[in-house]
There are 2 protein chains.
Amino acid sequence: MQTQPSALAQALDSSVARSLDMDDGLRVIGFTKSFSKDQQIFCEGSSTDFIYRIVSGAVRSVRLLADGRRQVADFYLPGDVFGVELDVERLATAEAISETVVVVARRSNLAVDPDQSHRLWRHASRELRRCRDHVLTLGRRSASERLANFLIGLAKRLERGDAFDLPMTRQDIADYLGLTIETVSRTMTQLQGQGLIELDGCRHIRLRRPAALADLCE
Amino acid sequence: MQTQPSALAQALDSSVARSLDMDDGLRVIGFTKSFSKDQQIFCEGSSTDFIYRIVSGAVRSVRLLADGRRQVADFYLPGDVFGVELDVERLATAEAISETVVVVARRSNLAVDPDQSHRLWRHASRELRRCRDHVLTLGRRSASERLANFLIGLAKRLERGDAFDLPMTRQDIADYLGLTIETVSRTMTQLQGQGLIELDGCRHIRLRRPAALADLCE
DNA sequence: CGTCGAGTTGATTGTTTTCAACTTTGGTGG
DNA sequence: CCACCAAAGTTGAAAACAATCAACTCGACG
């Protein structure tokens with residue numbers, strides 16, 4: 001199964017097609033493509049025919065209200081697949097948070113294999129689960145619960161143990177958690193004051209008492 | 001394709017198996033089953049092998065935090081299919097809001113037909129879309145924006161024009177919108193005061209200026 | 001007609017936002 | 001290498017919004 005040369009595929013700034021065996025069994029032949037900080041990967045309303053897997057860097061999925069209020073729907077980290085949707089049009093915009101490399105594949109090339117198709121749906125299903133957890137957080141948790149929950153989830157996904165670098169800015173975190181940047185900042189300080197986390201610069205974090213943090217999330 | 005008699009199918013309190021041609025093309029042979037107000041249809045952690053379609057009544061999907069805070073993930077209305085998930089375990093509990101009749105079908109009976117399977121996923125996809133809209137609402141909208149958005153969406157789904165009965169209590173609305181019952185009540189009164197809606201009793205609503213309501217949602 | 005659950009309204013509190021000033025960080029060029 | 005600058009982050013004070021606590025009203029049903 002070869003990727004057809006396409007306008008978009010040819011426009012990709014990567015040169016070599018690479019075979020990629022995804023963790024979850026998704027076998028994809030795609031192209032690597034690099035994005036610089038804040039560069040758009042796809043935008044709301046665009047076609048959903050391409051799916052992506054992050055090689056390095058990080059991505060945010062963003063939606064805007066008419067007056068500019070911003071909601072970050074999700075973050076994607078190295079190894080994550082994103083952009084899998086059955087709808088024809090994208091509902092959100094995807095942007096690179098930092099210098100980011102992704103593998104791009106044409107969904108229609110995968111979907112012909114029912115087995116691959118099933119794996120694609122597994123991703124959509126994971127997405128739905130994350131989205132539902134997000135609803136619970138935004139609907140019913142306080143600022144400190146939101147942040148604690150966020151940090152624990154991030155630590156787990158980054159697989160770096162209890163010390164890691166935040167890939168995103170305070171503004172991104174705020175827009176993900178439905179808070180303001182000031183509230184995120186204050187809550188970070190507060191968690192640090194309680195000895196639950198340790199900040200070294202504003203990006204590097206260590207979870208000092210992960211269990212106590214987890215208690216905050218209920 | 002016949003439904004196998006199963007422990008659960010036999011336990012259903014309905015007698016006749018009925019063939020149902022769903023609006024969206026889902027062809028299902030299932031059983032009808034009735035639920036009384038507040039009765040559980042399925043609970044968190046249970047198997048996802050059955051899917052449901054509402055014949056009459058209404059259903060809420062609910063998640064709870066450890067301390068009892070409640071989040072309504074979604075409402076389902078007559079004609080809606082719910083309970084379609086790829087995960088093995090259910091993440092939320094489904095409860096009848098009022099006297100409710102549903103058709104129950106075994107997902108594994110449908111999924112063998114790739115065409116039916118595709119239609120099932122269409123539902124999951126719709127669910128994801130609704131969930132993402134919910135995130136945007138809970139993350140970034142004020143109480144009056146949340147309520148206006150909710151009422152407009154409900155009016156559209158109920159297909160009764162601008163006047164309809166709310167199938168759910170204030171508490172359910174509050175738990176769906178991430179507010180308290182008092183805030184929902186006050187916001188209703190406020191929207192009425194602005195001439196945007198008209199309340200006749202606490203259940204019957206008429207949207208007097210749908211366009212102005214829609215403006216509130218941005 | 002009385003009771004109970006649901007809903008509304010009022011007063012007050014508390015959390016988060018807003019506005020503003022200040023500090024830190026990271027990158028760039030002298 | 002250091003100084004400077006802009007962007008990002010923090011902190012403080014005040015305001016706004018929604019939550020909480022409490023009393024009251026409405027409506028359905030016996």
Side-chain angles (χ1 to χ4, degrees), chain A residues 36-38 58 60 65 67-72 97-99 137-151 165-194 197-205 216, chain B residues 36-38 58 60 65 67-72 97-99 137-151 165-194 197-205 216:
Chain A
S36 53
K37 184 166 180 287
D38 296 330
R60 62 175 173 253
L65 289 178
D67 65 354
R69 278 175 290 180
R70 197 178 82 137
Q71 177 66 44
V72 172
I97 287 174
S98 54
E99 192 65 33
T137 291
L138 296 178
R140 286 293 173 230
R141 289 202 237 251
S142 70
S144 51
E145 290 169 340
R146 290 179 201 201
L147 192 57
N149 189 54
F150 174 71
L151 293 176
D165 284 316
L166 293 169
M168 68 292 286
T169 63
R170 294 285 186 275
Q171 187 64 63
D172 285 336
I173 297 175
D175 289 344
Y176 178 72
L177 296 179
L179 302 168
T180 60
I181 184 176
E182 293 95 333
T183 300
V184 170
S185 184
R186 275 186 248 274
T187 308
M188 285 276 193
T189 306
Q190 178 199 318
L191 291 180
Q192 180 163 233
Q194 293 169 317
I197 65 173
E198 197 178 309
L199 286 162
D200 175 23
C202 59
R203 291 301 187 104
H204 191 80
I205 285 215
L216 260 186
Chain B
S36 52
K37 185 167 179 287
D38 296 328
R60 62 175 171 252
L65 290 178
D67 65 355
R69 279 176 289 181
R70 195 177 82 137
Q71 176 68 44
V72 171
I97 286 174
S98 54
E99 191 65 32
T137 290
L138 296 178
R140 286 294 173 227
R141 288 202 238 252
S142 69
S144 51
E145 291 169 339
R146 289 179 200 201
L147 192 57
N149 188 55
F150 174 71
L151 293 176
D165 284 314
L166 293 168
M168 69 291 285
T169 64
R170 293 287 187 273
Q171 187 64 63
D172 285 335
I173 297 174
D175 288 344
Y176 178 73
L177 296 178
L179 303 168
T180 59
I181 184 174
E182 294 95 331
T183 299
V184 170
S185 185
R186 275 186 247 274
T187 307
M188 285 276 193
T189 306
Q190 177 200 317
L191 291 180
Q192 180 163 233
Q194 295 169 316
I197 64 172
E198 197 178 308
L199 286 161
D200 175 23
C202 58
R203 291 301 187 103
H204 191 80
I205 285 216
L216 259 186

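Throughout, a chain's letter reflects where its sequence line sits, starting with A, and its residues are numbered from 1.
- The two residues A:V184 and A:L147 have their closest heavy-atom pair at O-CD2, 4.0 Å.
- By the 4.0 Å N-to-carboxylate-O rule, A:D38 lies close enough to A:R60 to be salt-bridged with it.
- The nearest pair of heavy atoms linking B:R69 to A:R140 is NH1-O, 2.9 Å.
- Taking every heavy atom of residues 172-180 of chain B and every atom of DNA chain C, no pair lies under 4.0 Å.
- The heavy-atom pair separating B:Y176 from B:L138 by the smallest distance is O-CD2, 3.8 Å.
- Using modelled atom types and a 3.5 Å distance limit, the side chains of B:N149 and B:E145 yield no donor-acceptor pair.
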Determine whether B:R70 and B:Q171 satisfy the following criterion, side chain to side chain contact (heavy atoms under 4.5 Å, CB included), listing intermediate values before the conclusion. CA-CA 10 Å; B:R70 195 177 82 137; B:Q171 187 64 63; 4.3 Å; yes
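- Side-chain contact between A:I173 and A:T169 is absent, with no heavy-atom pair separated by less than 4.5 Å.
- Nearest heavy-atom pair, A:R146 versus A:G178, reported as atom, atom and distance to 0.1 Å: NH1-O, 3.6 Å.
- The shortest non-hydrogen separation linking B:D172 to B:V72 is O-CG2, 3.8 Å.
- At a threshold of 4.5 Å between non-hydrogen side-chain atoms, the residues A:T183 and A:M188 do not count as touching.
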Take nucleotides 1-11 of chain D nucleotide by nucleotide from the 5' end and write B, S or -, depending on whether a protein heavy atom sits under 4.0 Å from the base, only from the sugar-phosphate, or from neither. -------SSBB
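- In 5' to 3' order, the nucleotides of DNA chain C bounding all contacts with chain B (an atom under 4.0 Å from a heavy atom) are C:dG7 to C:dA11.
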